[in-house]
Amino acid sequence: MSPVAGREVVLETIGVSKSYPLEGVVVNALCGVDLRIHRGEMVSIMGPSGSGKSTLMHIVGLLDTPTEGQVLLDGEDVSRMTPNQLAALRNKHIGFVFQAFNLLPRTTAQANVELPLVYGGVSGPERARRAVEALERVGLGYRTGHFPSQLSGGQQQRVAIARALVNRPSIVLADEPTGNLDSRSGVEVMAMLQDLNAQGITVVVVTHDDRIARHAERIVHILDGRVRSEEIVAERVLAAEELRSMPPEEVAG
Amino acid sequence: MNLPEAFRIAMRALAANKARSALTMLGVIIGVAAVILLVAIGTGVQGEITGQIEGLGSNLLFIVPGQYSGGMGGDQAPPARRLTLEDADLISRKVEGVSAVVPVLQGGATIKAGNRSMRVVVAAGNEQGTEVFTSTLAGGRHYRRSEVQVAARVVGLGSRVAETLFPGKDPVGQRVSINGQRFTVIGYYESLGGGLSGDQDSQVYIPVTTAQRLFGVNFINTIVVKAATADDVERVKSEIRRVLTPRYGEEFTVFTQEQTLGLLSDLLGTLTYMLAGIAGISLLVGGIGIMNIMLVSVTERTREIGIRKAVGARTYDILSQFVIEAVALSVLGGTVGIVLGWSGAAAMARFTPVPTDVTPWAVALAFFFSAGVGVFFGVYPAWKASRLDPIVALRYE
């Protein structure tokens, strides 16, 4: 049975195309992509570079709008919204985890996590409480006052995950979340995403790496701007088990 | 996002780049300090000079040769005929309600006593000169009517002249030479203190008749008339005109104290505005500095803008963040500039002869102008920042 059977659709693209001019030539980055993301699932969008997966991620992440087709968020068409309307939707519904972490430098972990709440209009003690809570959830409750430069890559990515979670989004969108990490930190981050997914959070992982993609329940393969195939992952890679089989962490500092 | 929030974000960004923020502010600091200081000097000088003229009493009239329209500047034709002692005589005999008529002749000269010498301004009048000159005797006496009549070589020394020629000594009764002619010191005057009138202390006072001989001339520069009361001024003015017109036609002018004051404050007021304008230009340059640094800052923080937009910042949030940063820079700079300009003005009044007067309007103007500069020059970089596409901004290295 499909892991998504009977689950409600949280985000759907219908015939989404995206083309943009590049040095005078019109490039078709996406051609008629139909994609459904269900509440509570963990899905990978996989494809080589140049396949259009980044463009798809931008549209799914409401950072961009399609040239053609529709994007439905909780059944509402958001494909013709203004940048400011999209910003408000991103704030409420999308949590981003980037390859390069994208934390604000010279800003504490807690202040970084508070950022979506700042723009969401949450203020005062409520904001601080929720930020600390999100940091505790990723195991960094003891690092709230640290600056990104004082944290390891894995820790920075966990701060980024906390930031993605803090506004209780509909989807956590992770773009090559392990790309800048050593293998152990990478596995830890994937374990965290799987753990969050197990707690009911919808996770979309965008990657070119087959092994990373196999942490999800389902893989959508993208090639040349089209969905080439969808695959139910038969044997999910469980990061928690992987961690157990790895040599124990060298404890430093 | 609310305003205090935006303000906190801006402050954090400025604090993160302390040296740069300080240097950027320096432009505004200098501009505002310059506006405050220069306007303070302008107003101070204006106040002092008009105060001095008012101090002479408001019932003075000045007669000068030639035609003055009363306007400012302009080339005046050299007077066809100079005034003479006879004119002064005529006025004192024929005009009623006059308490003093003083013919005035001025010129530069060198005064010597022993091996000491200095350049001085010779101010010559008659025995009624004490009515119109501001100096106060410190010792000795003024020259008398009889001394004016015989062109006696007697001299009263300004305080600085007395100190220079006779340090620590009573100059009364001493001999001095002015342009090689021997004079007897009959009195000396108290210092008029600092201020722009400082050079009155470098004047010497001799009878006008003596001065005519000393300089080898038969004319005088000015006749100063003192009306008995302030109410008499206008009547005295028209009587003087009546007396002098048969002799000079239209080739003379009678100024009242009030007119002189008006002329001077016009001139000094214009000067103050000019100074403020020049200082304003430096404030403008400071504003351009802010715009420059904000543009650099926007480029540098492209990725930060991308992150903020990705997590939900709207155009307005980014715009206000950067405008507030620019305004904070300029207002902070403006405040420091006001403090510096104010202290500079106070120090100047204390340690130099230049009088200064910090007026509230100059402070308010400088402050609001600097805030305006921040808004004006901050909006464009902030608008650029707010328009960034989050995808492009996130990719920016």
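It should be emphasised that the depicted structure is a prediction, and the values quoted were computed from it without experimental measurement. Convention: sequence-line order gives letters A, B, ...; per-chain numbering from 1. What you see below is based on every heavy atom in this structure, not just the backbone, and it leaves out hydrogens, waters and symmetry mates.
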Roughly how far apart are [X] [atom1] and [Y] [atom2], rounded to 0.5 Å?
{"X": "B:Ile307", "Y": "A:Phe96", "atom1": "CD1", "atom2": "CZ", "answer": "12.0 Å"}
{"X": "B:Ile9", "Y": "A:Leu115", "atom1": "CD1", "atom2": "CG", "answer": "7.0 Å"}
{"X": "B:Arg303", "Y": "A:Leu104", "atom1": "CZ", "atom2": "CG", "answer": "11.0 Å"}
{"X": "A:Phe98", "Y": "B:Arg395", "atom1": "CZ", "atom2": "CZ", "answer": "11.5 Å"}

Tell me, yes or no, whether the heavy-atom count around [X] atom [atom1], taken from other residues, nucleotides or ligands under 6.0 Å, exceeds 12.
{"X": "B:Arg350", "atom1": "CZ", "result": "no"}
{"X": "A:Asp195", "atom1": "CG", "result": "yes"}
{"X": "B:Met274", "atom1": "CE", "result": "no"}
{"X": "A:Gln70", "atom1": "CD", "result": "yes"}
{"X": "A:Glu126", "atom1": "CD", "result": "yes"}
{"X": "B:Arg20", "atom1": "CZ", "result": "yes"}

| field | Test item: A:Arg90 side-chain N/O and B:Lys309 main-chain N/O as donor-acceptor pair under 3.5 Å | value |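 Answer holds: yes.
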| message | For the backbone of B:Leu394 and the side chain of A:Asn102, can you confirm whether one donor and one acceptor N or O come within less than 3.5 Å of each other? | response |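 Side chain of A:Asn102 to backbone of B:Leu394, a donor-acceptor pair under 3.5 Å: no, none is there.
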| message | Under a plain distance cut-off of 3.5 Å, with no hydrogens placed, do B:Arg314 and A:Tyr119 share a side-chain donor-acceptor pair? | response |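 The criterion, which ignores hydrogens and geometry beyond distance, is not satisfied for B:Arg314 and A:Tyr119.
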| field | Which residues share a side chain to side chain donor-acceptor pair (under 3.5 Å) with B:Arg301, sequence neighbours left out | value |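 With sequence neighbours excluded, B:Arg301 shows a side chain to side chain donor-acceptor pair (under 3.5 Å) to B:Ser297, B:Glu304, B:Glu325, given in chain and number order.
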| message | Could you work out, with side chain to side chain donor-acceptor pair (under 3.5 Å) as the rule, every residue matching A:Thr207, not counting sequence neighbours? | response |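 Counting only residues at least two positions away or on another chain, A:Thr207 forms a side chain to side chain donor-acceptor pair (under 3.5 Å) with A:Glu176.
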| request: Under 4.5 Å heavy-atom distance to chain B, tell me which part of A:Leu103 shows up: side chain, backbone, both or neither. | output: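 Looking at A:Leu103, just its backbone touches chain B.
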| query | Non-hydrogen atoms of chain B under 4.5 Å away: do they reach the side chain of A:Pro83, the backbone, both or neither? | reply |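 Nothing of A:Pro83, per the 4.5 Å heavy-atom cut-off to chain B.
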| request: Let me see the working for B:Arg308 and A:Val118 under side chain to side chain contact (heavy atoms under 4.5 Å, CB included), right down to the final yes or no. | output: CA-CA 10 Å; B:Arg308 289 183 183 277; A:Val118 169; 6.0 Å; no
| message | Using every non-hydrogen atom in the two residues, find where A:Ala87 and B:Ala313 come nearest and quote the distance to one decimal. | response |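 Taking A:Ala87 first and B:Ala313 second, the nearest heavy atoms are CB-O, 3.6 Å.
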| query | What is the minimum heavy-atom distance between B:Ala310 and A:Leu63, and which atoms define it? | reply |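 Residues B:Ala310 and A:Leu63, closest heavy atoms: CA-CD2, 4.1 Å.
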| field | Most chain B-contacting option - heavy-atom pairs closer than 4.5 Å, from A:Gln85, A:Lys92, A:His58 | value |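 Looking at each of A:Gln85, A:Lys92, A:His58 in turn, A:His58 comes out on top.
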